[in-house]
Amino acid sequence: MLNSQRSLSELPKMSAASQVERAVLEEEFNWLLKEEVHAVLKQLQDVLKEASRRFSMPTPGLESQLKQENFILGSSTMDQVKGVLTLQGEALTQADINLRVAKSNQALHFQFREDKQWKLQQIQDARNHVNQALQLLSSHDESYHFKTGAEVNKLMDAVMLQLTRARNRLTTPASMTLPELATSGLMKMFTPPMPGDVMVNFYINLSKLCLTVYQLHVLPPNTTKNFRPAGSSVLHNPGAMFELNNNRFEVSHVHKVECVVPWLNDTLVFFTISLQLCQQLKDKVGVSPGR
């Protein structure tokens with residue numbers, strides 16, 4: 001009986017102590033929402049502005065604002081493909097390609113027409129996602145008061161979604177069918193025009209700018225039995241078949257050359273840092289009391 005009475009008498013003390021502890025935790029959490037969240041948002045904005053600056057397009061009349069960079073492409077397969085690509089932000093402003101045809105050993109030379117530029121959609125999309133992430137962050141300036149941890153988590157999830165999409169655009173090139181490649185606007189970029197048995201494709205893979213050259217041969221009309229059209233892929237292998245304008249083709253040779261674009265590598269690092277900052281803030285908010 002005495003023990004139970006003592007236990008009852010201690011309840012108000014325990015309750016008071018837990019109330020004080022809860023009040024302290026509430027105060028710490030409010031400080032987190034008011035001060036630390038905004039400090040992290042500011043840090044995120046600074047990192048993403050650096051990423052966005054790498055993507056920036058020149059404004060009209062200030063073309064020199066974004067420097068043109070030349071990248072030399074070489075092949076390990078007997079130097080059958082060589083090239084120099086000029087990149088300015090998201091645009092390939094010039095491409096100079098030398099191809100040595102496998103069977104005839106004939107040397108072919110192509111370059112972009114002077115009135116043409118090729119926009120790399122992957123870079124354009126990644127830049128747009130970064131800018132959307134920045135808009136989300138700037139919509140909650142320092143005067144904004146977050147009321148709950150759930151509100152912070154919702155913002156971080158939205159920012160992380162944009163950053164993940166931006167990163168995925170650079171790490172995952174688009175799959176294309178061979179007819180899509182053959183009829184793409186890229187094939188109309190060159191002077192002299194590309195012959196009908198050569199196709200090219202440019203894409204980004206991580207921090208690399210890649211060029212793939214396909215050499216084709218026409219299949220005779222009686223190949224119906226063994227004809228199997230290839231599906232969609234980033235890189236098609238020799239032997240892949242397709243049909244275009246009532247002609248059937250097979251890929252005879254594939255040459256892939258690439259070069260590292262340092263600022264794309266920087267951008268991927270910025271994405272990783274930003275995603276880590278978002279997750280760390282989510283973890284802090286997530287372990288706070290009652291929120």
Side-chain angles (χ1 to χ4, degrees), residues 52-75 79-101 106-131 169-170 173-205 207-216 234-236 242 244-245 247 249 251 253-264 267:
S52 181
R53 192 170 63 81
R54 301 296 197 279
F55 288 125
S56 294
M57 286 301 294
T59 52
L62 292 172
E63 279 75 12
S64 61
Q65 179 183 336
L66 194 65
K67 67 176 180 178
Q68 291 192 343
E69 300 173 283
N70 291 329
F71 296 98
I72 298 172
L73 300 169
S75 168
D79 285 336
Q80 286 180 300
V81 176
K82 291 181 177 179
V84 178
L85 304 182
T86 305
L87 185 65
Q88 186 176 23
E90 66 191 30
L92 275 175
T93 57
Q94 186 52 259
D96 196 298
I97 300 169
N98 291 292
L99 167 66
R100 190 166 291 281
V101 180
Q106 178 188 5
L108 302 177
H109 177 246
F110 312 97
Q111 59 186 27
F112 278 178
R113 289 163 42 184
E114 287 188 6
D115 61 331
K116 294 284 188 181
Q117 291 188 355
W118 183 252
K119 294 288 179 68
L120 290 163
Q121 190 66 43
Q122 288 173 266
I123 295 180
Q124 200 169 10
D125 290 347
R127 185 194 75 215
N128 290 339
H129 287 306
V130 170
N131 289 341
R169 286 302 285 131
L170 298 181
S175 293
M176 294 181 73
T177 65
L178 288 163
E180 285 171 345
L181 273 177
T183 56
S184 80
L186 183 58
M187 299 304 294
K188 301 177 179 68
M189 296 278 296
F190 292 92
T191 179
M194 284 272 175
D197 60 351
V198 176
M199 299 192 308
V200 298
N201 189 25
F202 296 110
Y203 58 89
I204 300 296
N205 185 14
S207 60
K208 292 177 180 176
L209 174 57
C210 305
L211 163 65
T212 306
V213 179
Y214 296 98
Q215 289 179 244
L216 314 171
V234 175
L235 183 68
H236 295 272
F242 70 102
L244 186 68
N245 300 328
N247 288 316
F249 299 89
V251 175
H253 295 83
V254 181
H255 310 288
K256 181 185 172 187
V257 288
E258 58 189 28
C259 59
V260 173
V261 180
W263 64 263
L264 279 176
T267 305

Is there a side-chain contact (heavy atoms from CB on, under 4.5 Å) between Q68 and T93 once you walk through the steps?
CA-CA 8 Å; Q68 291 192 343; T93 57; 3.5 Å; yes
Kindly indicate, with the supporting measurements, whether the criterion side-chain contact (heavy atoms from CB on, under 4.5 Å) is fulfilled by R169 and Q124.
CA-CA 9 Å; R169 286 302 285 131; Q124 200 169 10; over 6 Å; no
side-chain contact (heavy atoms from CB on, under 4.5 Å) between N131 and S52, worked out:
CA-CA 7 Å; N131 289 341; S52 181; 3.0 Å; yes
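Note: K119 NZ to E90 CD = 5.0 Å, rounded to the nearest 0.5 Å. Remark: D96 CG to F110 CZ distance equals 11.0 Å, nearest 0.5 Å. Within the model, atoms CE of M199 and CD of E180 stand 11.0 Å from one another, a figure rounded to the nearest 0.5 Å. Summarising the geometry, atom CD1 belonging to I123 is positioned 13.5 Å from atom CZ belonging to R54; distances are rounded to the nearest 0.5 Å. Rounded to the nearest 0.5 angstrom, L264 CG and L120 CG are separated by 9.0 Å. Interatomic distance, L87 CG to F71 CZ, rounded to the nearest 0.5 Å: 5.5 Å.
F202 and L211 make their closest contact through CE2-CD1, 3.5 Å (heavy atoms, listed as atom of the first residue, atom of the second, distance). When all heavy atoms of A182 and L244 are compared, the pair lying nearest together is CB-CD2, 3.6 Å. Summarising the geometry of V234 relative to A174, their closest heavy-atom pair is CG2-O, 4.0 Å, with the distance given to 0.1 Å. Here the closest non-hydrogen pair linking M194 and M187 is CB-CE, 3.8 Å. What you find for G89 and W263 is that their closest heavy atoms are O-CZ2, 3.5 Å.
Ring orientation note: the planes of F242 and F249 are close to parallel, at an angle under 30° on the 30°/60° scale.
More than 12 heavy atoms of other residues, nucleotides or ligands lie within 6.0 Å of CG in D115, so this atom counts as buried by the packing criterion.
Panel note: side chain Y214, backbone L181; no donor-acceptor pair is recorded below 3.5 Å. Looking only at distances, a side-chain donor or acceptor of Q122 sits under 3.5 Å from a matching main-chain atom of I204. Between the Q94 side chain and the F112 main chain, a donor and an acceptor come within less than 3.5 Å of each other.
Here the side chains of L209 and L92 are in contact, with some heavy-atom distance below 4.5 Å. Considering only heavy atoms from C-beta on, Q215 comes within 4.5 Å of L99 through its side chain.
Of the residues listed (K256, R100, H255), the one engaging V81 in a side chain to side chain contact (heavy atoms under 4.5 Å, CB included) is H255, and it is the only one.
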